[in-house]
A.B. asks: 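So that we are looking at the same thing, I have put the structure below in structure tokens.
Lettering follows sequence order; numbering is per chain, from 1.
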2 protein chains.
Amino acid sequence: MAVTIRDVARESGVSISTVSRALASPEQVAEATRIHVQATAARMGYRPNRNARSLITGRSGSIGLVVPDLENPFFGSVCKGVQARARAAGYTVFVADTDEDPTVESEIARSLIKQVDGVILCSPRTTDDEIRALTTETPLVLANRRLDGVPSIIFDNGGGLVAVMRHLIALGHRRVAYAGGPRASWSNAQRAAAFRVFADEQVHGELELIDLGNFPPYFEGGVQAADLAVASGATAVVGYNDLVALGILDRLRQRGLSAPEDMSVTGFDNVAVSTFVRPNLTTVDLPRQQMGRMSVDALLDLVLRDSQASTNESMPEQAADAASGVLQELAVDLMVRQSTGVPSGPGGRGATHQLLDAGV
Amino acid sequence: MAVTIRDVARESGVSISTVSRALASPEQVAEATRIHVQATAARMGYRPNRNARSLITGRSGSIGLVVPDLENPFFGSVCKGVQARARAAGYTVFVADTDEDPTVESEIARSLIKQVDGVILCSPRTTDDEIRALTTETPLVLANRRLDGVPSIIFDNGGGLVAVMRHLIALGHRRVAYAGGPRASWSNAQRAAAFRVFADEQVHGELELIDLGNFPPYFEGGVQAADLAVASGATAVVGYNDLVALGILDRLRQRGLSAPEDMSVTGFDNVAVSTFVRPNLTTVDLPRQQMGRMSVDALLDLVLRDSQASTNESMPEQAADAASGVLQELAVDLMVRQSTGVPSGPGGRGATHQLLDAGV
DNA sequence: CGAAACAATGAAAAGGTTTGCAGAATGGCG
DNA sequence: CGCCATTCTGCAAACCTTTTCATTGTTTCG
């Protein structure tokens, strides 16, 4: 049998309450007693029963994390960040994998609710309404997705895409294609939108942008997109993510084309493998672990506020605003590597202009 | 406030006990009552408080999983398998990341013990003694490491390495190098041992095996090993894992050598990226998710047995043997791809023999 | 018809902890 | 010297559920 607080109390000759206080709120107990009790507890190897504690405090000391696919290194990174920060704050983490299935997502989240203080939904595939419903049942924060009124941690997808486009334009590209991700993906919507509005808000009259359509966000999707990119006459193709970009690179090579000479290629994510291939992939680095850490911070803010709200009614307004439905956007970095370069059509940059003029 | 069993009891006009039974052990309650109570509970959205339940039953319905690095896709896969199987069995999973630090490993495991029914240690970096100590405190199973007396799920590392060697020998290689992983790695010990004994138990008098030493199990480790491999005069190099193999491939290309013409290269793990590079990597596929699933099965066996042991003393002997300290070895598959081929030294295979004869 | 077995339900204890409240002890100050 | 304030400690309730035991009512069989 495990050693309980009762055993420690008997052994050290004080009451249960004193033991509890000596360990949980040391300032309330005389120094001599405190030291004695703490020593006894340590000697006996006492560890409070978390269930009993949770039962009375109403807090479990753990949080839930729901991700679509643990096998995907992207979520592995986020998960690592979440785990590290939670542990530092004395919380443990339940992890659930939805296998990319939107329907099991909310079901899993609901099954977690009862045993956690709050939930982080990372890249959820379910609907806005469903997420909002969940919000009424538990403290919840969104990672890699934005929803008004729900604390959300997102990457600056638009900024990342703009950085990519500027880079390509600076190199001389005037005909650029976008190989999109899944239609239902929130990240893809962000990136595709930034791609589309780019021509409008910039003053590049001669810039031609081609949307190649939606592809599976894997290597195979890129393979598929590569041929369309070549046929489009683009000199550069922006992949939805690194995997797609790698697929494009591979298919190009297979067709005897080389990057960046015949086609510049970019990705998104900066997964480790993007430096393992030749040419190294120019891509946008996303601070994934930081997203995990910030999600935990936001969630713990929420949890803390909730628990205070019931006892302490005087809360500064701006503090409430600061975290209730707040949006935090993480800056991203363009990593310029080998897969992008000056377009080398016949005659170089001038020829590209000609090509455009000819309406090809 | 959440709805408790008391509310349901009052609402449906029965006692607390009846509600509890109607939901947990329906066969003990009259059909009419059962239906009525279940309906009322469902209507009120009643969910049992897991803490209260755990407090009295002593079981938490969750298990702990400790891994060295969540960002490593290898552990992501195992984790996914664990998560899936646990969920199917009605268990939830705590995940902890030790950041490859052996000292925090047991500390983390201990902090989990109090809130889980059992623990899975995946690729633990700590000592045998420490693991054994943990065994006395909680049901525990080992994934990707073997320890006598502790249920262990491992890959057939030796078999995998033998398959690789046979493949290389069949291609005509007679001088093969091994680029090892970390000295402290259990997997590496297995593979290195298999590599060393290979020459002895096989009858390949002319076979020369070169141990290049230990390298970090990452891309950079492979880069480092590549030059040594070239200098050793080997025609094939076996990497500790895929990342090392990829590093070797990259460094070879950088030096103007090509695989498999100038050097055959193999890996271990079959991570997704091994098919993203050219040449595709010949490697050993490890059923990682299955390792996760089997770990859960083994752990749940253990948990179930423990809880029965206290009540029911009559247990068949062989059943106890079957899972108490049992070792389960998962078969692995050689995936032959593009990075291995016939050695093409000057004059082909014959020349290799000459080379060996010359003592080079 | 009576007794015994059985099915269904309720009362109550138990599980380990936190915490409000009250009592005791100590010290300071008038 | 006496009173009050302060500090420390203990008692007991509360958290929500499961489970044992007892009770009631019903059925079956001798």
Side-chain angles (χ1 to χ4, degrees), chain A residues 1-38 40-41 44-62 90 113-117 307-308 310-312, chain B residues 1-38 40-41 44-62 90 113-117 307-308 310-312:
Chain A
M1 266 304 137
V3 35
T4 79
I5 199 174
R6 188 167 258 104
D7 302 325
V8 180
R10 187 171 358 92
E11 185 78 8
S12 48
V14 297
S15 76
I16 294 179
S17 332
T18 304
V19 176
S20 175
R21 277 186 284 251
L23 300 173
S25 38
E27 72 284 356
Q28 288 187 30
V29 57
E31 188 175 358
T33 329
R34 167 164 36 95
I35 293 176
H36 176 222
V37 170
Q38 284 175 347
T40 315
M44 300 178 72
Y46 168 69
R47 298 226 177 191
N49 181 318
R50 293 187 67 130
N51 287 313
R53 172 179 289 175
S54 301
L55 182 56
I56 189 163
T57 61
R59 252 163 299 125
S60 64
S62 51
I113 285 178
K114 272 293 166 184
Q115 35 190 339
V116 299
D117 294 342
S307 65
Q308 283 183 343
S310 49
T311 62
N312 177 12
Chain B
M1 266 304 136
V3 35
T4 79
I5 199 173
R6 188 167 258 102
D7 302 324
V8 179
R10 188 170 357 92
E11 184 77 7
S12 47
V14 298
S15 76
I16 294 179
S17 332
T18 304
V19 176
S20 175
R21 277 186 285 250
L23 300 173
S25 38
E27 72 284 358
Q28 288 186 32
V29 58
E31 187 175 0
T33 329
R34 166 165 37 94
I35 293 177
H36 177 221
V37 170
Q38 284 174 346
T40 317
M44 300 179 72
Y46 168 70
R47 296 224 180 191
N49 180 319
R50 291 186 67 131
N51 288 312
R53 170 181 292 176
S54 301
L55 181 56
I56 189 162
T57 61
R59 251 163 300 125
S60 64
S62 49
I113 285 179
K114 272 294 167 182
Q115 37 190 337
V116 299
D117 294 342
S307 66
Q308 282 184 343
S310 50
T311 61
N312 178 12

A.B. asks: Among the candidates D:dT9, D:dT17, C:dA11, find the nucleotide nearest to the side-chain atoms of A:V29.
C.D. replies: D:dT9

A.B. asks: Nearest to the side chain of A:S20 - C:dA8, C:dG10, C:dT19?
C.D. replies: C:dT19

A.B. asks: Can you measure A:Q115 atom CD to D:dT17 atom P for me and round it to whole angstrom units?
C.D. replies: 14 Å

A.B. asks: Between B:A52 and B:T18, who's closer to the 5' end of DNA chain C by nearest nucleotide?
C.D. replies: B:T18

A.B. asks: What's the CD-P distance between A:E27 and D:dC8, to the nearest Å?
C.D. replies: 10 Å

A.B. asks: Any donor and acceptor pair, going by atom type alone, linking the side chain of A:T33 with main-chain N or O of A:A22 inside 3.5 Å?
C.D. replies: no

A.B. asks: Rounded at 0.5 Å granularity, tell me how far OG1 in B:T4 sits from CD1 in B:I16.
C.D. replies: 7.5 Å

A.B. asks: Pick the nucleotide of DNA chain C nearest each of B:V14 and A:R53; which residue has the one closer to the 5' end?
C.D. replies: B:V14

A.B. asks: For B:T4, answer base if it contacts any base atom (sugar-phosphate contacts may also be present), sugar-phosphate if it contacts only those atoms, and nothing otherwise; contact means non-hydrogen atoms under 4.0 Å.
C.D. replies: sugar-phosphate

A.B. asks: Find the distance A:I5:CD1 to C:dT18:C1' and express it as a whole number of Å.
C.D. replies: 8 Å

A.B. asks: Grab the CG-P distance between B:L55 and C:dT17 for me, whole Å please.
C.D. replies: 9 Å

A.B. asks: Between D:dC11, C:dA8, D:dA14, which nucleotide has the shortest distance from any of its atoms to the side chain of A:S17?
C.D. replies: D:dC11

A.B. asks: Applying the side-chain contact (heavy atoms from CB on, under 4.5 Å) test to B:R34, which of B:T18, B:V29, B:L23 qualifies?
C.D. replies: B:V29

A.B. asks: Are the side chain of A:R50 and the backbone of A:S60 linked by a donor-acceptor contact shorter than 3.5 Å?
C.D. replies: yes

A.B. asks: From the options D:dC11, C:dT17, D:dT17, select the nucleotide whose nearest atom is closest to the side chain of A:Y46.
C.D. replies: C:dT17

A.B. asks: Can you measure B:I16 atom CD1 to C:dA14 atom P for me and round it to whole angstrom units?
C.D. replies: 16 Å

A.B. asks: Taking the side chain of A:R21 as heavy atoms from C-beta outward, which of D:dC16, D:dG10, C:dT9 is closest to it?
C.D. replies: D:dG10

A.B. asks: Rounded to the Å, how far apart are B:R47 CZ and D:dC16 P?
C.D. replies: 17 Å

A.B. asks: Between P on D:dC16 and CG on B:L23, what's the gap in Å once rounded to a whole number?
C.D. replies: 16 Å

A.B. asks: Across the strands shown, which category fits B:T33 at heavy-atom distances under 4.0 angstrom: base, sugar-phosphate, nothing?
C.D. replies: sugar-phosphate

A.B. asks: In this structure, how many angstroms lie between the P atom of D:dT6 and the CD atom of A:Q28, rounded?
C.D. replies: 16 Å

A.B. asks: Under 4.0 Å between any heavy atoms, over every strand shown, what does A:R50 touch: base, sugar-phosphate, or nothing? Just pick one.
C.D. replies: nothing

A.B. asks: Would you indicate whether B:E27, at its atom CD, is surrounded by more than 12 heavy atoms from other residues, nucleotides or ligands within a distance under 6.0 Å?
C.D. replies: yes

